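Keep in mind that what you see is a predicted model, and the values were worked out from it rather than measured.
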Amino acid sequence: GNFVKVIFVSEDGKKMGYLLLENCPEDMVDGSSREVVWQSAFRGMCINKDLRGNGLSKIFLAIWLRVCLVAGFAPCAHRMDKPLLSLVLHRFCFIPTSRACELEVSCGGLEDGGRLQLWSPHGRDLRGDFSKRTLRDQHMAIATTRPDGCSNTVSVFTDFEGPRDRKQLEALLVATLGESFVLVAATSALHRAFCGKFFETTQEPRRQTVTGDQGSPCRSTHSLYEVELLGHEGCAASAKK
């Protein structure tokens with residue numbers, strides 16, 4: 001596949017974090033017809049430590065999913081072992097291919113330092129799945145009893161299929177990014193930016209800037225977030241907060 005790192009930077013040029021994606025063509029056969037569908041697989045994410053806890057993981061994924069809808073990519077996710085990312089995928093209606101390891105996750109209180117609480121509804125010993133270092137780095141804790149209050153069930157250590165209901169996904173993206181978030185770009189330009197060497201084009205290979213209908217770099221008009229996608233060799237996105 002074509003591996004892409006989507007980098008998010010603040011208005012002053014400070015790096016905020018990035019997404020790791022793998023994009024590749026997949027042959028879809030339906031009876032006698034054959035169609036090539038471009039698949040964009042989410043592989044991981046990193047957010048600067050000083051910016052964690054601000055909901056950026058949901059926003060970063062929503063921006064990627066908006067690109068997928070505009071470009072006609074089929075989103076999915078490779079093996080996810082981070083409960084927080086699995087939780088965000090569940091909220092965007094991704095479907096786990098395996099439910100062998102299910103957890104209930106909930107936000108901890110002040111007495112827990114705000115750490116994400118993990119509890120196995122099936123009595124699984126999570127200490128064998130999450131090392132002390134992993135728990136520390138991901139700001140998580142294993143609960144010995146079922147936490148009180150609201151919790152969500154997520155699947156980990158599994159791949160995820162993409163959302164099946166496009167209208168439902170559209171509504172979730174609007175709720176996350178706002179109706180004013182608009183990505184204006186030609187599908188071919190997005191393919192060149194995200195698919196690189198796999199995208200066949202008659203144009204001379206060069207660094208491609210995704211542009212809007214006025215020829216300027218493609219940007220959103222969201223009041224809080226601004227996105228610019230730069231491509232062919234890679235992709236960069238800027239976010240204004």
* Rounded to the nearest 0.5 Å, what's the gap from CG on Leu56 to CG on Leu61? Could you check? => 11.0 Å

* Roughly how far, to the nearest 0.5 Å, is the CD atom of Gln138 from the CG atom of Leu118? -> 9.0 Å

* Does a side-chain heavy-atom distance below 4.5 Å link Arg99 with Thr158? -> no

* Asked: Looking only at heavy atoms, which two atoms of Leu51 and Asn54 are closest? And how far apart?
  -> O-ND2, 2.8 Å

* Structure fact -> Of all heavy-atom pairs linking Trp64 and Ala41, the shortest is CZ2-C, 4.5 Å

* To do: Using side-chain contact (heavy atoms from CB on, under 4.5 Å) as the criterion, point out the one residue from Asn152, Val88, Val105 that pairs with Pro83.
  => Val105

* To do: For the pair Val6 and Tyr18, evaluate side-chain contact (heavy atoms from CB on, under 4.5 Å) and give the outcome as yes or no after the intermediate values.
  => CA-CA 5 Å; Val6 183; Tyr18 60 83; 5.9 Å; no

* Asked: Where do Phe160 and His78 land on the ring pair (Phe, Tyr, Trp, His ring centres under 6.0 Å) test, with the steps shown first?
  -> CA-CA 6 Å; Phe160 284 81; His78 286 318; over 10 Å; no

* Just wondering, do Leu172 and Cys93 contact through their side chains at under 4.5 Å, heavy atoms? -> yes

* Asked: Same hydrophobic cluster for Leu173 and Leu19, using side-chain heavy-atom links shorter than 4.5 Å among ILVMFWY?
  -> yes

* Asked: Does one hydrophobic cluster hold both Leu116 and Val156, with members joined at side-chain heavy-atom distances below 4.5 Å?
  -> yes

* To do: Go through the steps for Glu161 and Phe94 under the test side-chain contact (heavy atoms from CB on, under 4.5 Å), then give the verdict.
  => CA-CA 6 Å; Glu161 296 177 359; Phe94 279 70; over 6 Å; no

* Asked: Is a donor on one side and an acceptor on the other found under 3.5 Å between the side chain of Asn23 and the backbone of Phe194?
  -> yes

* Asked: Could you give the distance from CZ (Arg79) to OG1 (Thr97), rounded to the nearest 0.5 Å?
  -> 10.5 Å

* Write out all pairs satisfying salt bridge (charged side-chain N to carboxylate O under 4.0 Å, His left out) with one or both partners inside residues 38-58, taking only residues at least two apart or from two chains. => Lys14-Asp50, Glu22-Arg43

* Is there a side-chain contact (heavy atoms from CB on, under 4.5 Å) between Thr153 and Leu103 once you walk through the steps? -> CA-CA 5 Å; Thr153 301; Leu103 307 175; over 6 Å; no

* Structure fact -> To the nearest 0.5 Å, atom CH2 of Trp119 lies from atom CD1 of Ile142 at 13.5 Å

* **Contact check, side chains of Met140 and Arg115, non-hydrogen atoms, under 4.5 Å** => no

* Step by step, would you call Ile63 with Ile59 a side-chain contact (heavy atoms from CB on, under 4.5 Å)? -> CA-CA 6 Å; Ile63 290 172; Ile59 293 165; 4.1 Å; yes

* Backbone of Ser151 reached by a side-chain donor or acceptor of Ser106 within 3.5 Å -> no

* When rounded to the nearest 0.5 angstrom, what distance separates CD1 in Ile95 from CG in Asp159? -> 13.0 Å

* Do His90 and Pro96 have side chains that get closer than 4.5 Å, going by heavy atoms? -> yes

* Indicate whether any N or O donor in one side chain lies under 3.5 Å from an N or O acceptor in the other, for Thr134 and Ser131. => yes

* Would you confirm whether Asp165, through its side chain, and Gln168, through its main-chain N or O, come within 3.5 Å as a donor-acceptor pair? => yes

* Asked: Checking Asn2 side chain against Cys24 main chain: does a donor-acceptor pair fall under 3.5 Å?
  -> no

* Is there a path of hydrophobic side-chain contacts, each under 4.5 Å between heavy atoms of I, L, V, M, F, W or Y residues, that connects Val4 with Ile47? -> yes

* **Polar side-chain atom of His191 near backbone of Ala71 as donor-acceptor pair, under 3.5 Å** => yes

* To do: Kindly work out whether a path of hydrophobic side-chain contacts (I/L/V/M/F/W/Y, heavy atoms less than 4.5 Å apart) joins Leu126 to Val154.
  => yes

* Below 4.0 angstrom, N of the basic side chain to O of the carboxylate: do Glu170 and Lys167 qualify? -> no

* Are side-chain heavy atoms of Met45 and Ser57 found at a separation under 4.5 Å? -> yes

* **Distance in Å, Lys15 NZ paired with Cys46 SG, rounded so as to fall on 0.5 Å steps** => 7.0 Å

* **Test item: Ser86 side-chain N/O and Ser155 main-chain N/O as donor-acceptor pair under 3.5 Å** => yes

* Asked: Ring centroid separation for Phe73 and Phe42, is it under 6.0 angstrom?
  -> no

* **Leu190 with Leu69, same ILVMFWY side-chain cluster at under 4.5 Å** => yes

